[in-house]
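All of these numbers come straight from a predicted model, not from anything done at the bench.
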Amino acid sequence: MANSNYDEIFTTTLESRSAKLADNVTKNNALLNRLKEKDKVRPISGGSKILEELEYGEGDMVWYSGYDTISYTPKQLFTAAEYAIKLAAVPVAVSGEDLLKNSGPEQVLELMEKRIQNAEKTMANQLAAAMYGDGTAADGKAIGGLKLLVADDPTSGTVGNINRATAGNEFWRNQSATYEGLTSENILQAMDEMYLKCTRGFDKPDLIVVDDKLYSTFENALTPLARFSDPKLAEAGFANIKYKGCDVIYDGGQGGYCPDNHMYFLNTNYIYLRPHKDRNMKVIGGDRLSINQDAMYRIIGWAGNMTMSNAALQGVLINTVA
């Protein structure tokens, strides 16, 4: 067994940081931060798929008088979206040579911390990127993010094993609008139109995530008196401006993952992150000591998917540049 003197240090150091790792990922992503805040990070405990129950129909109501017949025709009012469980892992490795060069308890712990911190950043950044993706990354092994759930073209493609192109599945299509050359003079009108499309009674968008280009356009359209922000989000490190009571947050600049010229209008009551309870930023697999190398390995794992239970209340505003 290679480097057995440091095996316990390696393992316990990783295990003790599992909770902190999950928290760091939340802080790295405005959408995930909102989902956690609203208890929309819902762990699963097992099963081959993740199911989200959907209510998409209405029963019959009849107007009648006297002894009129009140008939009833059974209808299918509920269905379910099925999401595959996706897996991700970040390996952490330390060679025997590195341990010898950093011998002594304090130096070994410092080395472990550096490697683990790098693993944390890697998982935080890659999960944040995947939450904007369309699920095709890594040959379809990545989670389906906003590009899939709130698609540019909501009349095509399959989400949750429901084909949006099929007649009768119109309920499963998000709102989408494309404009050419949005400016500070017309962006508020475009946002008003999309906001109303995504509103149903008391159900309305609560979070708008946008790339830095459209965020600047939106910010320039506001008068100084219209600039309100959420102090809780500001404390979490997310620059934001209020729009109709909705938080507008940019995810652009260096390390931003929101697609260029996209503005997502999200009702996070119906969007979830569904990690597996046993693979939510945790060390998996126990000891992994190389047979033919002087090295130790540990794997930080995650499993689950990003899901949605209502598409019609989500929207995307797209700006095309002539």
What's the spacing between Ile70 CD1 and Tyr72 OH if we round to 0.5 Å? 14.0 Å
Between OG1 of Thr178 and CG of Asn319, what distance do you get to the nearest 0.5 Å?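 One finds 9.0 Å between OG1 of Thr178 and CG of Asn319.
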Salt bridge flag under 4.0 Å for residues Arg274 and Glu52: yes
Backbone N or O of Ala151 within a donor-acceptor pair of the Asn174 side chain at under 3.5 Å?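 Looks like yes, one N/O pair under 3.5 Å.
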Thr69 (side chain) donor-acceptor with Ser71 (main chain) under 3.5 angstrom: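 No: the side chain of Thr69 does not pair with the backbone of Ser71.
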Mind checking what makes side chain to side chain contact (heavy atoms under 4.5 Å, CB included) contact with [X], not counting sequence neighbours?
| X | value |
| --- | --- |
| Pro259 | Tyr132, Lys147, His262, Tyr264 |
| Arg200 | Asp203, Tyr270, Asn310, Leu313 |
| Leu196 | none |

Would you kindly say whether Glu97 and Ser95 are connected by a side-chain donor-acceptor distance under 3.5 Å? no
Short side-chain donor-acceptor distance under 3.5 Å, Glu193 and Tyr179: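 Short answer, yes.
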Within one Ile-Leu-Val-Met-Phe-Trp-Tyr cluster: Tyr83 and Leu51, side-chain cutoff 4.5 Å: no
Run Lys204 and Asn267 through side chain to side chain donor-acceptor pair (under 3.5 Å) and show every step you take. CA-CA 6 Å; Lys204 57 193 66 176; Asn267 186 325; over 6 Å; no
Assess whether side chain to side chain donor-acceptor pair (under 3.5 Å) is satisfied between Ser309 and Tyr272, documenting all intermediate values. CA-CA 8 Å; Ser309 62; Tyr272 316 91; 3.0 Å; yes
In a check of side chain to side chain donor-acceptor pair (under 3.5 Å) between Thr268 and each of Arg34, Lys38, Lys40, Gln314, which one passes?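 Looking at Arg34, Lys38, Lys40, Gln314, the match for Thr268 under the side chain to side chain donor-acceptor pair (under 3.5 Å) is Lys38.
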In this structure, which one of Thr158, Asp153, Asp152 forms a side chain to side chain donor-acceptor pair (under 3.5 Å) with Ser156? Asp153
Specify whether Phe218 and Tyr243 have parallel, tilted or perpendicular ring planes, treating 30° as the upper limit for parallel and 60° as the lower limit for perpendicular.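 Geometry flag for Tyr243 against Phe218: perpendicular rings.
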